[in-house]
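Here's the structure we're looking at; comments come further down.
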Amino acid sequence: MTDAQLTASLRTDWTMDEIRAIYYKPVLELIVEAAQVHKQHQATGEVQVCTLLSVKTGGCPEDCAYCPQAARYHTDVPVHKLLSNEVVLEAARQAKEGGSTRFCMGAAWREVRDNRDFDRVLEMVEGVNEMGLEVCCTLGMVNEYQAERLKQAGLYAYNHNLDTSEENYSNIITTRTYGDRLDTIENVRKAGISVCSGGIIGLGETDDDRIAMLHVLSNLKQHPESVPVNALVPVEGTPLAEQPRVNVWEMVRMIATARILMPKTMVRLSAGRQEMSVAEQALCFLAGANSIFSGDKLLTTPNPGFADDKAMFEILGLTPRKSFKTETACGGTMPAPAEAVQAVELTAE
């Protein structure tokens with residue numbers, strides 16, 4: 001299939017009924033269909049390895065019910081100011097040595113402000129980019145000017161999750177609107193930055209909320225280049241601390257449906273992997289997941305380390321995806337500088 005044919009085959013006009021019909025298929029049938037779509041559009045057995053570092057932790061003024069970094073909740077997460085550039089770049093170096101090809105930096109901000117801290121983040125972006133890593137940030141809301149500055153500094157991707165459906169959103173967050181999230185995604189897209197946007201399941205939402213979130217993501221003018229699928233990790237002290245663990249079949253349904261709706265998107269098996277066996281993760285990869293976060297922490301919650309993931313990759317015969325690999329997503333091409341493309345190997349150190 002040529003790039004032109006592929007672009008024409010990607011849909012951004014899915015209806016809720018169509019997505020429901022996919023989502024509610026018998027789970028084994030759904031996995032098979034998703035695996036076939038994945039094989040047609042992606043390199044099977046290839047998984048992008050990312051590392052996420054909290055560069056500024058805690059003290060956030062938002063009230064996201066799942067988040068231990070919200071200042072209003074009493075959790076064990078320590079508050080720390082913006083890390084030094086040296087600490088961040090050393091963490092990026094270690095992530096690269098461990099096998100990551102994308103390094104993500106998160107700050108517990110409601111929104112980016114044009115101040116010295118943002119200037120320092122831009123320097124971090126420049127430094128990580130120079131290492132040959134895809135650099136991603138999740139800093140809260142950004143305007144067009146701030147997105148442009150991030151692009152100029154070398155930012156490859158920006159994460160801004162929808163979290164849940166628009167209908168359920170006010171049950172989870174009241175300090176910003178769903179429209180605010182969509183505006184940030186649009187600002188990032190205008191700047192020519194790759195979009196990373198997904199959500200969290202296990203917040204107490206319904207299946208229709210999950211379907212509605214996928215409906216929004218798959219009907220954006222251009223599909224997100226990355227869609228993280230997170231399982232809630234309940235944290236004591238947050239309003240959702242008593243939520244039950246999401247089971248693997250719920251994750252499989254979300255991943256498989258996302259894969260079918262957005263064939264060229266990287267579907268990331270994100271938060272919740274710490275509680276999943278290798279066999280459960282294998283089901284998610286079979287259903288179309290082709291990206292993970294590796295490293296001992298996912299912002300503030302436990303996550304499998306490089307040694308665990310190296311062992312899993314060997315068992316399942318998976319290969320880490322190269323950085324800056326050319327990818328076409330719904331008509332948009334992300335360039336792959338030849339000097340930046342690197343062969344990678346997960347290491348246990």
Side-chain angles (χ1 to χ4, degrees), residues 3 38 41-53 55 85 88-106 121-139 150-159 188 191-198 223-228 264-270 273 285 289-296 298 303-307 309-310 312-314 316-329 332-349:
D3 282 353
H38 186 72
H41 296 279
Q42 303 275 351
T44 56
E46 181 181 81
V47 174
Q48 180 189 58
V49 182
C50 315
T51 294
L52 176 58
L53 175 70
V55 298
N85 288 26
V88 171
L89 294 181
E90 175 59 20
R93 184 191 65 77
Q94 291 179 9
K96 183 176 180 179
E97 289 181 356
S100 286
T101 57
R102 176 175 289 193
F103 187 74
C104 306
M105 296 179 286
V121 168
L122 294 173
E123 292 173 2
M124 294 173 191
V125 170
E126 291 174 354
V128 175
N129 185 50
E130 288 171 1
M131 292 182 185
L133 291 166
E134 295 177 12
V135 55
C136 176
C137 282
T138 178
L139 311 170
L150 286 163
K151 174 66 174 178
Q152 291 167 7
L155 192 73
Y156 186 83
Y158 195 86
N159 167 262
V188 168
I193 298 169
S194 171
V195 170
C196 175
S197 186
H223 292 163
E225 283 77 13
S226 284
V227 170
K264 290 296 291 181
T265 291
M266 304 298 295
V267 178
R268 185 168 298 126
L269 174 58
S270 298
R273 278 205 311 126
F285 293 130
N290 61 342
S291 181
I292 59 170
F293 283 112
S294 192
D296 293 335
L298 198 57
N303 191 64
F306 292 116
D309 286 333
K310 177 180 172 61
M312 178 177 70
F313 273 46
E314 289 175 351
L316 301 180
L318 300 176
T319 302
R321 176 187 174 94
K322 295 177 181 178
S323 59
F324 297 101
K325 180 176 179 179
T326 301
E327 57 191 44
T328 303
T333 299
M334 301 304 297
E339 70 276 12
V341 176
Q342 55 177 325
V344 294
E345 180 180 352
L346 280 174
T347 67
E349 299 171 359

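Residue numbers count from 1 along this sequence.
Distance check: Leu52 CG to Thr138 OG1 gives 8.0 Å after rounding to the nearest 0.5 Å. For the atom pair NZ of Lys96 and CD of Gln94, the computed distance is 14.0 Å after rounding to the nearest 0.5 Å. Between the OG1 atom in Thr101 and the NZ atom in Lys322 there is a gap of 11.5 Å [rounded to 0.5 Å]. Glu134 CD to Leu155 CG: the interatomic distance, rounded to the nearest 0.5 Å, is 10.5 Å.
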(message) I'd like to know whether Val125 forms a side chain to side chain contact (heavy atoms under 4.5 Å, CB included) with Met105, so could you lay out the CA-CA distance, the side-chain angles of the two residues, the decisive distance to 0.1 Å, and finally the verdict.
(response) CA-CA 9 Å; Val125 170; Met105 296 179 286; 3.9 Å; yes
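In this structure, the side chains of Ile193 and Leu150 come closer than 4.5 Å at one or more pairs of heavy atoms. Side-chain contact between Val128 and Leu89: present, with at least one pair of heavy atoms (C-beta onward) separated by less than 4.5 Å. In this structure the side chain of Phe103 reaches within 4.5 angstrom of the side chain of Leu53, judged on heavy atoms. The side-chain heavy atoms of Arg268 and Gln48, taken from C-beta on, include a pair separated by under 4.5 Å. Leu139 has its side chain within reach of Tyr158: a pair of non-hydrogen atoms, C-beta onward, lies under 4.5 Å apart. Residues Arg102 and Ser291 fail the side-chain proximity criterion, which asks for heavy atoms closer than 4.5 Å. Residues Met266 and Gln42 meet the side-chain proximity criterion, which asks for heavy atoms closer than 4.5 Å. Looking only at side-chain heavy atoms (C-beta outward), Cys104 and Asn159 stay at 4.5 Å or farther from each other.
In this structure, His38 and Ala43 approach most closely via the heavy-atom pair NE2-O, 4.4 Å. Contact detail for Ala153 and Leu122: the closest heavy-atom pair is CB-O, 3.8 Å. Pairing each heavy atom of Arg273 with each of Ser294, the nearest pair is NH2-CA, 4.1 Å. Listed here is the closest heavy atom pair of Asp309 and Phe293: OD2-O, 4.1 Å. Among all heavy-atom pairs drawn from Ala92 and Met131, the shortest one is CB-SD, 3.8 Å. Residue Pro228 comes nearest to Ser197 through the heavy atom pair CD-C, 3.5 Å, listed as atom of the first residue, atom of the second, then distance.
For the pair Thr265 (side chain) and Pro224 (backbone), a donor-acceptor distance under 3.5 Å is present.
Evaluated for a side chain to side chain contact (heavy atoms under 4.5 Å, CB included) with Phe285, the options Ile292, Thr44, Asn290 yield exactly one hit, Ile292.
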